[in-house]
Amino acid sequence: MLAARVLRRHLDQVTVIERDALPDGPQHRKGLPQARHSHLLWSGGARLIDSLLPGTTERLKAAGAQRIGVYRNMVSLTSYGWQQRFPETQFLYAASRPLLDWTIRDLTLADPAITLRQRTEAVALLGDATRVTGVTIRDLDDGASTDLTADVVVDTTGRGSRLAQWLDALDVPPPQEDVVDSGITYATRVYRAPGRSAGAFPMVSVHSDYRTRQPGRFGLILPVENGQWIVTLSGTRGSEPPTDEAGFAAFAKELAHPLISELIGLATPLTPVQGSRSTANRRRYFERNSVWPGNLIALGDSVAGFNPVYGHGMSAAARSAAALDRALQRNLGTPDLATSALRGISRAVDDPWNLATAQDIFYPNCRIDADDPRLEEELNSQERFTELVCTAGLKTAPVAAAVAGVSALAAPATSLQSPAVLGALRDQTATPAPDTPTLTDEEWALATAEPLDDN
Ligand SMILES: Cc1cc2nc3c(=O)[nH]c(=O)nc-3n(C[C@H](O)[C@H](O)[C@H](O)COP(=O)(O)OP(=O)(O)OC[C@H]3O[C@@H](n4cnc5c(N)ncnc54)[C@H](O)[C@@H]3O)c2cc1C
């Protein structure tokens, strides 16, 4: 939808080809199985979405999405310890994925020049290795195939994209691909928030310490709209969370701290446990292809998908849409359009790619099939710096602000090496990081209170 919105800023007509029937509201659908799991929209992505589609975050808030101040409204055990709840420097939106999608879809499709063809599948590209002329589409109701012509084609078909196969039919060689797969598995259950905590509870996360070189285990309580908590448990290869109810509860207890287990013990389950394994870091370097159709672009998970624990996929897609916008502005109608767009998109996904893979390589049995030379450097020298910054960020406000900026994809990763951050690292006072969960007495009281009648 963001790609459609951006294309429409430069072109007269945009057609969105969508395999699913799209619901007329914030409901789940078949083609987006990941929507059952927690989705954080970090401020780096939220601000970009608002600039492309003004009013998005206001509508999200009006529909009950929770604005979580980083780190004010976060109770967080990181690999390095409990995070001090400093005043907000970044934020994230906590909402169900169906609400995020519905809000963006409704705003985008309000433009009558953007046409949606639902229950229609893209099956092939038309054209040749220098230029595509459109796509072949198939109507899923009557099975009829037709050719749709277009000046520009953008593939946004997600992780399962068949773009490489479609290109093969045009004699375009396959793109270089990197995969870093920690084997992370997700298990998610939705609860009714306990007591009187609905709309007034922090996000709670518990991570294990990756430096132990044991499989990673993670837990997250994401307070969303309608007084609900989306609770996601996840684990890397060798520590996958079960998807039966008893196993889910037991896994929560075995996290690095039992806080999440204690809190969900107070809450009422509303759904069964759902699992997902579509979580490997996978990046395709289309911009490196020497042969490429000059008007074919890809963005979103079809270019780069990330381990979802870092919550970066949607924000990376928003950054990529903004990069597409810049390329269309400069190069629409020239043979450089695709190259400039794909290079911009590659830069847009580089930080989230590096942040996720540089961490995931340390988990046992992480499968690496990648040429990115930075992975080698990380293994040899960068880890100590990351550890220093992240440990200082638990208890030192300026370092915490820098870490928050990078985590929120609101500041480049290089900002962690700024003179201000390096100075703050040297000036460490002996203030210890919190050594117990940072949930306040008032928050505990809200979670354990008698529910109000209408809760
Ligand atoms: C378990 C899990 C948790 C996640 N958590 C977060 C998070 O906390 N924060 C975050 O930012 N990101 C998160 N992500 C990542 C996020 O879901 C993706 O980055 C994002 O959805 C990518 O958007 P996309 O439009 O590229 O692809 P998708 O959202 O996957 O959309 C692809 C669309 O293409 C359609 N389609 C596919 N093939 C065809 C075809 N041939 N013809 C027509 N239509 C087709 C599908 O029906 C679908 O509508 C998570 C992912 C997973 C798996």
Side-chain angles (χ1 to χ4, degrees), residues 1-24 29-32 101 104-105 108-175 177 284 286-287 289-303 317 320-321 323-325 327-329 331-342 345:
M1 286 297 149
L2 294 177
R5 166 71 177 173
V6 161
L7 287 165
R8 173 63 186 112
R9 284 161 76 134
H10 306 271
L11 295 155
D12 294 336
Q13 287 288 333
V14 178
T15 307
V16 178
I17 309 299
E18 170 55 55
R19 184 190 276 155
D20 264 355
L22 295 180
D24 196 17
R29 61 187 175 91
K30 189 164 165 261
L32 213 65
D101 280 9
I104 290 173
R105 184 159 76 236
T108 304
L109 297 179
D111 181 340
I114 301 180
T115 309
L116 171 67
R117 297 196 55 166
Q118 313 184 53
R119 300 229 357 108
T120 306
E121 197 175 32
V123 290
L125 291 169
L126 300 166
D128 59 32
T130 60
R131 187 170 174 79
V132 291
T133 53
V135 285
T136 303
I137 56 174
R138 183 166 57 217
D139 184 309
L140 293 180
D141 291 320
D142 61 16
S145 289
T146 35
D147 288 347
L148 189 70
T149 57
D151 296 319
V152 179
V153 174
V154 183
D155 171 43
T156 61
T157 55
R159 272 184 187 263
S161 167
R162 296 184 53 77
L163 186 58
Q165 288 90 326
W166 296 341
L167 285 165
D168 185 48
L170 304 186
D171 290 330
V172 177
E177 182 173 290
R284 300 179 179 108
F286 297 120
E287 74 285 1
N289 264 45
S290 55
V291 180
W292 190 265
N295 57 345
L296 173 67
I297 297 155
L299 65 76
D301 279 13
S302 130
V303 173
S320 302
L324 173 62
D325 194 35
L328 285 162
Q329 201 158 5
N331 292 308
L332 181 61
T334 76
D336 296 331
L337 176 63
T339 316
S340 71
L342 290 170
I345 290 163

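Sequence positions, counted from 1, serve as the residue numbers for this chain.
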Starting at CG of Leu2, measure out to OG1 of Thr108 and round the result to the nearest 0.5 Å. 6.5 Å

Could you check whether any side-chain N or O of Asn289 sits under 3.5 Å from a backbone N or O of Pro173, counting only pairs where one atom can act as donor and the other as acceptor? yes

To check you understand the geometry: which heavy-atom pair defines the closest contact between Asp20 and Leu32, and what is its length? OD2-N, 4.2 Å

Leu170 versus Ala129, closest heavy-atom pair with distance: O-CB, 3.5 Å

Using salt bridge (charged side-chain N to carboxylate O under 4.0 Å, His left out), reason through Arg105 and Glu18 one step at a time and then give a plain yes or no. CA-CA 12 Å; Arg105 184 159 76 236; Glu18 170 55 55; over 6 Å; no

For Trp166, ring pair (Phe, Tyr, Trp, His ring centres under 6.0 Å) partners two or more places apart: none

Between CG of Leu342 and CH2 of Trp292, what distance do you get to the nearest 0.5 Å? 6.0 Å

To the nearest 0.5 Å, tell me how far Asp171 CG sits from Asp128 CG. 9.5 Å

Kindly indicate, with the supporting measurements, whether the criterion side-chain contact (heavy atoms from CB on, under 4.5 Å) is fulfilled by Arg9 and Leu328. CA-CA 9 Å; Arg9 284 161 76 134; Leu328 285 162; over 6 Å; no

Identify, with sequence neighbours excluded, every residue that meets side chain to side chain donor-acceptor pair (under 3.5 Å) alongside Arg119. Asp141

Are Asp325 and His10 close enough that some pair of their side-chain heavy atoms sits under 4.5 Å apart? yes

With sequence neighbours excluded, what pairs up with Glu287 under the side chain to side chain donor-acceptor pair (under 3.5 Å) test? Ser346

Between Phe286 and Ile345, does the side-chain contact (heavy atoms from CB on, under 4.5 Å) criterion hold? Intermediate values first, please. CA-CA 10 Å; Phe286 297 120; Ile345 290 163; over 6 Å; no

Would you compute the distance between atom CD1 of Ile17 and atom OG1 of Thr156 and round it to the nearest 0.5 angstrom? 10.0 Å

Other residues, nucleotides and ligands only: do more than 12 of their heavy atoms fall within 6.0 Å of CG on Asp12? no

Give a yes or no on whether a salt bridge exists between Glu121 and Arg162, defined as a side-chain N under 4.0 angstrom from a carboxylate O. no

Let me confirm one number: the CE-CG distance from Met1 to Leu22, rounded to the nearest 0.5 Å. 6.0 Å

Looking at Pro23 and Arg29, what are the two nearest heavy atoms and their distance? CD-CD, 3.8 Å

Determine which pairs satisfy side chain to side chain donor-acceptor pair (under 3.5 Å) with at least one residue from residues 331-342, sequence neighbours left out, and list them in order. Asn331-Ser340

Could you measure the distance from the CG atom of Leu296 to the OG1 atom of Thr133? Nearest 0.5 Å is fine. 11.0 Å

Taking the side chain from Arg5 and the backbone from Asp111, do they hold a donor-acceptor pair closer than 3.5 Å? no

For Ala113 and Arg8, work out which heavy atoms get closest and say how close. CB-NE, 3.1 Å

Nearest heavy-atom neighbours spanning Arg284 and Asp301: NH1-O, 4.1 Å

Qualifying side chain to side chain donor-acceptor pair (under 3.5 Å) pairs with a residue from residues 144-155, counting only residues at least two apart or across chains: Thr136-Asp147, Asp155-Thr157, Asp155-Ser161, Asp155-Ser302

Taking only residues two or more places apart in sequence or in another chain, which ones pass side chain to side chain donor-acceptor pair (under 3.5 Å) with Asp168? none

Derivation of the side-chain contact (heavy atoms from CB on, under 4.5 Å) call for Val153 and Asn295: CA-CA 7 Å; Val153 174; Asn295 57 345; 5.9 Å; no

Looking at every non-hydrogen atom in both residues, tell me the closest pair between Ala321 and Val6 and how far apart they are. O-CG2, 3.5 Å

